[in-house]
Enquirer: 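Below you'll find the structure I mean.
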Amino acid sequence: MNCASPTDFNFSFRGFKCRGGNTDIHAHGWGLAIYEGRGVRTFHDPLPCAESPIAEMVSSYPIKTLNMMAHIRYATQGGVSLENVHPFQREMWGIQWTFAHNGEVPKFTPKNPQESGGCGTKEVPMLGRCTETMYHPVGDTDSEAVFCSMLNALRFEFKTLPPLPLLYEAIQKLSCEIVRGQEKETIFNYLLGCGQYTMFAFSWPGSREGSKVWNGLHYLVRSPPFKTAQLKDVNYAVDFNETNGKSDRVAIIATKPLTTNENWKEFERGQLLMFDNGLPCSRPYECVGIERCGRGLSSRAIPRGEICPYQYSSNLPKILRQSVCKALGRDGDDCSLVWAEKAVDLGCGSGQSGAQFRQCVGHLTGVDLNPEMAKEARDRGCYDRIVVGDAECILHRDDEDVGRQDYDFVFACDLFAYIGDLSKLFSTVRKGLESRGGTFAFSADIVNESLDESKEEDDDAEFVMQSCARFAHKRWYIRSLAKDFGFEILLCRDSTVLRQHNGKDVLGCLIVLSLPASQVV
């Protein structure tokens, strides 16, 4: 749980603890880690959570926090004992780090657990550029070994306290490295707490061999206007409109939804979200905004690294607008010409892309998952409408809350880099355009122009995770999707500078597609 203001976790924990041996099989111990200022309060018990006197005490103890995590264990590696109970905790850079994991990580499984001597693996695998180990597992789980390896890699990588954008990229790279090569066998869902404000959550979902149980991650942001929430595992409900204020906001992350009447969203495969202030973030500029608000990592032990003021900005929105104008035979420098009646800016962020297209469209809607970014976009004043959500919530014709929406222009500036499989997005965009026909424009990191071009990639792979923690897609994959969903390619602008990374230009392409009248249903 990650919050905008100090909040107790009693409601969620009341239902969650039932899954520890009552409504679910996770009966091999449980634990809590609750951040309070620079400190962290922990509770661990090898007893089933549903039967634990400590859990009963905690469930009625109104501890308020901005950041906390809880875990109930189903033992697949390591015995049922206190040392194997999550969350695990270590100090690094003068900050308390906590970690809880659900799944199986073959790279960190002891080849012969009997030889571990009760102290986990003999050697913790190295990640990233790490050549030395500072942290070692105490217990016998692959989860604790992963945690120690991640901390070792981060400690080796950074000699000053990393800004949040760099930390996000580093954690994404390590997560992908852990999965790489054993994608089918690995189930890797974790929570990583790093201080009183910040929580990272990553999901690589899957089912264990012979099991139909799906292990993934879901999240929910509970914010004004509040409603009544009904727990799934126990007959208990709370009207949060009576208990919460206008400044309250809570993000809850769980393996399975905890309530029956709220809109939980499942993580995409390989998705890393950073939660701060009760909000999910996945883009560098969002992390920068949090850093500049003074909510980055804080330590008395080592100095803070600096953010390059130009590293997370670009001229990409203007270049995309000029490319669309060229594809449509319009004057790219004349912003007074209106050539689209109704447009959507997918992943609008703070509104920089919307500002570029404002004069070209009659009605402009911006959509973004992050409420804070959406607020910035609204304050910019270039949108007729702002929606907090994803592409499907605004473009799907059958959405009951939004109603039928017909558009003739959809654009996405710097969005594809955060989505691996694009098929669902293409399908959704087609639904939004098919009534009128129209144009779909976007930027994309391309594999053979990525930061990892020296690596040998699988020719069959449709996309890859780059070293900068962004997805790059194959040209043939994007062209194939365009064809499959009935689009024609009007323009493909290759070798375009999309942004900078570590002082170097990152190249990609800008693509403009059209849904012809003959394809309109």
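Positions are given from 1 along the sequence. In this text, all values refer to a predicted model and were calculated from it rather than measured experimentally.
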Enquirer: Is the F409 to F440 ring centre distance short of 6.0 Å?
Expert: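 No, too far apart.
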Enquirer: What residues, two or more places apart in sequence or in another chain, satisfy salt bridge (Lys or Arg N to Asp or Glu O under 4.0 Å) together with R38?
Expert: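 R38: no salt bridge (Lys or Arg N to Asp or Glu O under 4.0 Å) contacts found.
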Enquirer: Listed by chain and number, what are the salt bridge (Lys or Arg N to Asp or Glu O under 4.0 Å) partners of D390, not counting sequence neighbours?
Expert: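 Listed in chain order: K265.
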Enquirer: What are the two closest non-hydrogen atoms of V361 and A343, and how far apart are they?
Expert: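 Result for this residue pair: CG1-CB, 3.7 Å.
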Enquirer: Answer yes or no: is there a side-chain heavy-atom contact under 4.5 Å between D239 and K227?
Expert: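 Side chain of D239 against side chain of K227, heavy atoms only: no contact under 4.5 Å found.
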Enquirer: Are side-chain heavy atoms of F463 and I419 found at a separation under 4.5 Å?
Expert: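 No; the side chains remain at least 4.5 Å from each other.
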Enquirer: Between D384 and R358, is there a salt bridge with N-O shorter than 4.0 Å?
Expert: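 Yes, charged N to carboxylate O under 4.0 Å.
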Enquirer: Can you tell me how far apart CZ (F202) and OH (Y190) are? Round to the nearest 0.5 Å.
Expert: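 Going from CZ on F202 over to OH on Y190, the span is 6.0 Å.
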Enquirer: So, do F188 and H101 have ring centers that fall under 6.0 Å from each other?
Expert: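 Yes.
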Enquirer: Could you check M150 against I178 for side-chain contact (heavy atoms from CB on, under 4.5 Å), going step by step and ending with a plain yes or no?
Expert: CA-CA 9 Å; M150 291 179 71; I178 290 167; 4.0 Å; yes
Enquirer: Salt-bridged, D233 to R19, with N to O below 4.0 Å?
Expert: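 Salt bridge present between D233 and R19.
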Enquirer: Using the salt bridge (Lys or Arg N to Asp or Glu O under 4.0 Å) criterion, which residues pair with D8? Sequence neighbours excluded.
Expert: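 In terms of salt bridge (Lys or Arg N to Asp or Glu O under 4.0 Å), with neighbours along the sequence ignored, D8 is linked to no residue.
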Enquirer: Side chains of T365 and Y407: does their closest heavy-atom pair fall under 4.5 Å?
Expert: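 They are in side-chain contact.
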Enquirer: So do the side chains of H218 and I253 get within less than 4.5 Å of each other, counting heavy atoms only?
Expert: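 Of all side-chain heavy-atom pairs linking I253 with H218, none is under 4.5 Å.
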Enquirer: Quick one: does any side-chain atom of S443 pair with a main-chain N or O of D414 as donor and acceptor, under 3.5 Å?
Expert: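 Judged by distance alone, yes, a pair lies under 3.5 Å.
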Enquirer: Any chance the rings of Y135 and F147 have centres within less than 6.0 Å?
Expert: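 Here the rings of F147 and Y135 have centres that are no less than 6.0 Å from each other.
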Enquirer: How far apart are the closest heavy atoms of G31 and V85, and which atoms are they?
Expert: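 Shortest heavy-atom contact: N-CG1, 4.0 Å.
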Enquirer: Please tell me whether F416 and F471 form a close aromatic pair, meaning their ring centres lie under 6.0 Å apart.
Expert: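 No, the ring of F416 stays outside the 6.0 Å limit from the ring of F471, centre to centre.
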Enquirer: Is any side-chain N of the basic residue among R436 and E341 closer than 4.0 Å to the acidic one's carboxylate O?
Expert: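 Salt bridge between R436 and E341, a charged N being under 4.0 Å from a carboxylate O: yes.
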Enquirer: Please tabulate, one pair per line, all N/O donor-acceptor pairs under 3.5 Å involving side-chain atoms of residues 192-199, not counting sequence neighbours.
Expert:
none

Enquirer: Measuring only between side-chain heavy atoms, which start at C-beta, is F442 closer than 4.5 Å to V410?
Expert: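 With C-beta onward as the side chain, the pair stays apart.
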Enquirer: CD1/I63 to CD/E36 distance, rounded to the nearest 0.5 angstrom?
Expert: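 The CD1 atom of I63 sits 6.0 Å away from the CD atom of E36.
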Enquirer: Assess, by modelled atom type and distance only, whether the side chains of S282 and Y168 contain a donor and an acceptor separated by less than 3.5 Å.
Expert: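 The answer is no; no qualifying pair exists.
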Enquirer: Could you check whether E266 pairs with K256 (Lys NZ or Arg NE/NH1/NH2 to Asp/Glu carboxylate O, under 4.0 Å)?
Expert: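 Salt bridge: no.
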Enquirer: Once side-chain hydrogen bond (donor to acceptor under 3.5 Å, both in side chains) is applied, do any residues pair with S353, and if so which ones, sequence neighbours excluded?
Expert: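 Per chain and number, S353 pairs via side-chain hydrogen bond (donor to acceptor under 3.5 Å, both in side chains) with D345.
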Enquirer: Is the closest side-chain donor-acceptor distance between W204 and S175 under 3.5 Å?
Expert: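 There is no such pair between these side chains.
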Enquirer: For E51, what residues pass the salt bridge (Lys or Arg N to Asp or Glu O under 4.0 Å) criterion, not counting sequence neighbours?
Expert: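 With sequence neighbours excluded, E51 shows a salt bridge (Lys or Arg N to Asp or Glu O under 4.0 Å) to no residue whatsoever.
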Enquirer: Looking at K232 and E262, is there a salt bridge between them, counting it only when a charged N and a carboxylate O are closer than 4.0 Å?
Expert: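 Here E262 does not pair with K232 in a salt bridge, since their nearest N and O are not under 4.0 Å apart.
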